[in-house]
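If you're wondering where the values come from, they're calculated on a predicted model, not measured in any experiment. The figures here come from the full heavy-atom set of this structure, side chains too, leaving out hydrogens, waters and symmetry mates.
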Amino acid sequence: MAVKRVYETFHPEHYNLFIDVNRKNKKISGTSTVTGDAQEKTVLISQKFMKVSSVKADGQDVPFTVSDEDEAIKIELGKTGKTTIAIAYTAPLTDTMMGIYPSYYELNGEKKQIIGTQFETTFARQAFPCVDEPEAKATFSLALKWDEQPGEIALANMPEEKVEDGVHYFKETVRMSSYLVAFAFGDLQSKITETKDGVKIGVFATKAHKAKELDFALEIAKEAIEFYEDFYQTKYPLPNSWQLALPDFSAGAMENWGLVTYREAYLLLDPDNTSLEMKKLVATVITHELAHQWFGDLVTMKWWDNLWLNESFANMMEYLSVDALKPEWHIWEMFQASEAPAALGRDATDGVQPIQMKINDPADIDSAFDAAIVYAKGSRMLVMVRALLGDDALRKGLKYYFDHHKYGNATGDDLWDALSTATDLDIGKIMQSWLEQPGYPVVTAKVAENGHLVLSQKQFFIGEGKDVDRTWQIPLNANFDAPKIMSEKELDLGDYKTLREKAGHPLRVNVGNNSHFIVKYDDTLMKDIMSDLDDLDPIAKLQLLQDLRLLAEGKQISYAEIVPLLTKFADSKSGLVINALYTTAAKLRQFVDPDSDEEKNLKKLYDKLSKEQVARLGWMPKKGESDDDIQIRPYELSASIYAGNSDSIKAAHKLFEENEDNLEALNADVRPYVLINEVKNFGSHNLMAKLIKEYQRTADASYKADLRNAATNTTDPAEINKLIEYFEDADVIKPQDLRGWFAGVLSNHKGEQAAWDWIRKDWDWLDKTVGGDMEFATFVQVISRVFRTPARLKEFKEFFEPKLNVQLLKREIQMDTKVIETRVDLIQAEGKAVNDAVAKALN
């Protein structure tokens, strides 16, 4: 049954907001005055956790009731039509990183806070009464007051207009959705520049950071806004674009119009000592959020079932724009190494959601944020569309889309209609099979008995899967004569020998790895491809390993068949290929018990794979080396440390001793492995205490991550217990960072039991601390990545099955139960063969 939407009762046009925040008493009080069109005599206005003292309509008191269950105020207007409703209210200042909330940090030993906001998905209603649905677009005039201290500043979606009697007034916004409203205040530093069209670009952060940490973000944000104005052929519609780093932030970043908020880790970095990988990540986060300023903010999805429309699109554009700004980075390789495998792995589990989900109840919204589907798979769909259309048609279609829907709302069909104006392809028809069906196909390519090359499609599953005879419209991207789109179950392409001769190279499908499917070649075709391995480009090599890995996970081949191929990729000079190599090698770890003879063999294989590259590259970066070498080194060092290579252990220890007094200054590309090596091989109580102290002291997010990764590698039970005590101590580990610490201890086999005991014992505390948040379900996902035995599967089910009635967790628990079941099954079926193959590969 569809839940009644608030927008059905009242269409807002303009809000006058007065919000007074008292940090000391942790209280918000204010008045939300909204002018709009009452569609019914009784209207609903969204609220959450509020006490409402009065409601006036056109200046007169009117009857109202507040329903916490419906998160609404029911107002008896007694008439329809144009009305101004003024609601006076108070609400708590939350500590949940939702609504209006404080972020905590330390400056010169003094505890301080700044106030920020997070309103997506439905948290604006915790800040002010409003029609809190994407379709309810309106203009907003904000007046903000707080217990102001000298030197503090306020930011909002629009520039500040004036300050009178301690109240900060901001210019009226353009028409926008409530979840994109934002403001913040506190003691902030900033750097500001202007685009060539005069849009002010600013980066803001607490003064706990060095000023130079703002430079990189400022450069990327300015160039991104200029790039998008040109690419979309649509001007940025606001006077400013502020980027604000919040010390406490539950998501990665949030595209509030004109005031984008970020986790500090994804905005600020030391330009002189941050890994290339981290610079790429920060650049793509910034360009993702700025892509949203048009796609999501200017044109917004009509309802949350089209959430993918916002996210999938921004996820593609982040790579497209960074590729234009930093072509030397080859950023599409990062897309292939991160988004593609995330989407393919998740989407092969039966029961996964389709990209476009039906959502009636707002309570279901947060559970629709499955990153691997809504972001990763969705962006692969749009990459597929881009490959079919080409950039000129894409831009033409997008301009049509923005011109027709700006300041309004849209659905996926509106996008396909707009793109169809620029091409003769029926994009809507092609996309329907991908958006509305979960999963994806494996295309089997084989030479049939009559010598013909035959392609067939069938849904691919990892683990148990119910085949309901789905078909997809598959963009084949073949490197020989074949149709552009394969829409049938089976396709006979004619005589193989003739095709092969005409092509002059081995036959491959899904060239570029842009389409969302995998390929299973028969022996004839596979041998041909492998004989030509050296001529394949890095993406083709990555794709080969990726598809084989997935086929092995789906038990269509055995990992034992992949093991002997690994050494063929080991001397590659491509960062992308080395990433694929170690992603595949890491999968072999699931088949060995810690400290067993099988693991000793696996470590020897890792040594064999990494030894020559470590010798070639050395432990420290060299002046003038290629970006590929910079990217390859971390993979090889990590492999060498896992392998227990004695030369690497010594080299890393020497670097630690030379930099002991200033670990932060150690080169950021190698620092994680130096620290991990020290904890694993030279660990002590004093070392752990030092790392934790450094973790609390530094404001550098990359260094913080390195310290966490090292500390969670400890094998000392007393130190593991101490780390677990810190889980609930926000002065050491902020709730936003807890998942990373938990994952680190859980995936350390010496810490697994303690971490698992903690989450079961203190689940209620965890629920209370981060439970209302869309990130919460990922704690379940983290566990599913580690568990691999029948005993652990049983414990997982015993603990989580009683929680299947929690809406936010239900799908995640069901999916992750399958993931662990599948892994347990795979290990039992394949373990011996895989470990035998590893032993054989050492000779």
Quick one: do [X] and [Y] make a salt bridge, cutoff under 4.0 Å?
{"X": "E152", "Y": "K207", "answer": "no"}
{"X": "E658", "Y": "K654", "answer": "yes"}
{"X": "K191", "Y": "D215", "answer": "yes"}
{"X": "K573", "Y": "D628", "answer": "no"}
{"X": "R785", "Y": "D816", "answer": "no"}
{"X": "K111", "Y": "D731", "answer": "yes"}
{"X": "E328", "Y": "K280", "answer": "no"}

- Is there a side-chain hydrogen bond (donor to acceptor under 3.5 Å, both in side chains) between Y104 and D95 once you walk through the steps? CA-CA 10 Å; Y104 303 99; D95 248 326; 3.0 Å; yes

Flag for [Y]-[X]: side-chain donor and acceptor within less than 3.5 Å:
{"X": "H288", "Y": "E255", "result": "no"}
{"X": "S241", "Y": "Q243", "result": "yes"}
{"X": "R549", "Y": "Q546", "result": "no"}
{"X": "E289", "Y": "Y262", "result": "no"}
{"X": "Q631", "Y": "D627", "result": "no"}
{"X": "E719", "Y": "H685", "result": "yes"}
{"X": "T778", "Y": "R739", "result": "yes"}
{"X": "N579", "Y": "Y635", "result": "yes"}
{"X": "N645", "Y": "D607", "result": "yes"}
{"X": "S103", "Y": "Q113", "result": "no"}
{"X": "E599", "Y": "Y642", "result": "yes"}

Closest non-hydrogen atom pair, [X] against [Y]:
{"X": "V670", "Y": "R633", "result": "CG1-CD, 3.7 Å"}
{"X": "A668", "Y": "N273", "result": "N-OD1, 2.8 Å"}
{"X": "T206", "Y": "P247", "result": "CG2-CG, 3.8 Å"}
{"X": "L542", "Y": "A337", "result": "CD1-CA, 4.4 Å"}
{"X": "T287", "Y": "S321", "result": "CB-OG, 3.2 Å"}
{"X": "G186", "Y": "I114", "result": "CA-CG2, 3.7 Å"}

- Task: Output, in order, the C-alpha distance, side-chain angles, deciding distance and verdict of side-chain hydrogen bond (donor to acceptor under 3.5 Å, both in side chains) for E725 and N721.
- Result: CA-CA 6 Å; E725 281 172 26; N721 288 337; over 6 Å; no

- Item | I632 and its side-chain contact (heavy atoms from CB on, under 4.5 Å) partner, picked from V614, L637, I578, L576 | I578

- Give the ring-plane orientation class for F727 versus W758, where under 30° counts as parallel, over 60° as perpendicular and anything between as tilted. perpendicular

- Message: Using 30° and 60° as the class boundaries, would you call the ring planes of H653 and F656 parallel, tilted or perpendicular?
- Response: parallel

- Derivation and outcome, salt bridge (charged side-chain N to carboxylate O under 4.0 Å, His left out), residues K541 and E333: CA-CA 12 Å; K541 288 179 180 174; E333 292 193 354; over 6 Å; no

- Where do Y375 and E339 land on the side-chain hydrogen bond (donor to acceptor under 3.5 Å, both in side chains) test, with the steps shown first? CA-CA 8 Å; Y375 293 72; E339 312 288 348; over 6 Å; no

Would [X] and [Y] count as a cation-pi pair here, with the cationic atom under 6.0 angstrom from the ring centre and within 45° of the axis?
{"X": "R792", "Y": "F787", "result": "yes"}
{"X": "R788", "Y": "F591", "result": "no"}
{"X": "K112", "Y": "Y105", "result": "no"}

- Would a distance-only check, ignoring hydrogens and angles, find a side-chain to backbone donor-acceptor pair under 3.5 Å from N709 to A705? yes

Measure the spacing between [atom1] of [X] and [atom2] of [Y] and express it to the nearest 0.5 Å.
{"X": "S572", "Y": "L581", "atom1": "OG", "atom2": "CG", "answer": "8.5 Å"}
{"X": "T96", "Y": "L93", "atom1": "OG1", "atom2": "CG", "answer": "9.5 Å"}
{"X": "L663", "Y": "R671", "atom1": "CG", "atom2": "CZ", "answer": "8.5 Å"}
{"X": "Q696", "Y": "L691", "atom1": "CD", "atom2": "CG", "answer": "12.0 Å"}
{"X": "I220", "Y": "K326", "atom1": "CD1", "atom2": "NZ", "answer": "5.0 Å"}
{"X": "L155", "Y": "T261", "atom1": "CG", "atom2": "OG1", "answer": "11.0 Å"}

- Message: If you take the centroid of each ring, where Trp contributes its six-membered ring, are W329 and Y319 closer together than 6.0 Å?
- Response: no

- Query: Of all residues at least two apart in sequence or in a different chain, which pass the ring pair (Phe, Tyr, Trp, His ring centres under 6.0 Å) check with Y726?
  - Reply: none

- Go through the steps to decide whether N748 and T714 satisfy the test side-chain hydrogen bond (donor to acceptor under 3.5 Å, both in side chains), and finish with yes or no. CA-CA 8 Å; N748 167 359; T714 181; over 6 Å; no

Would you say [atom1] of [X] has more than 12 non-hydrogen atoms from neighbouring residues, nucleotides or ligands within 6.0 angstrom?
{"X": "K608", "atom1": "NZ", "value": "yes"}
{"X": "K693", "atom1": "NZ", "value": "no"}
{"X": "E612", "atom1": "CD", "value": "no"}

- Would you indicate whether the side-chain heavy atoms of L609 and Y582 approach each other to under 4.5 Å? yes

- Message: Between M254 and V260, is there a side-chain heavy-atom distance shorter than 4.5 Å?
- Response: no

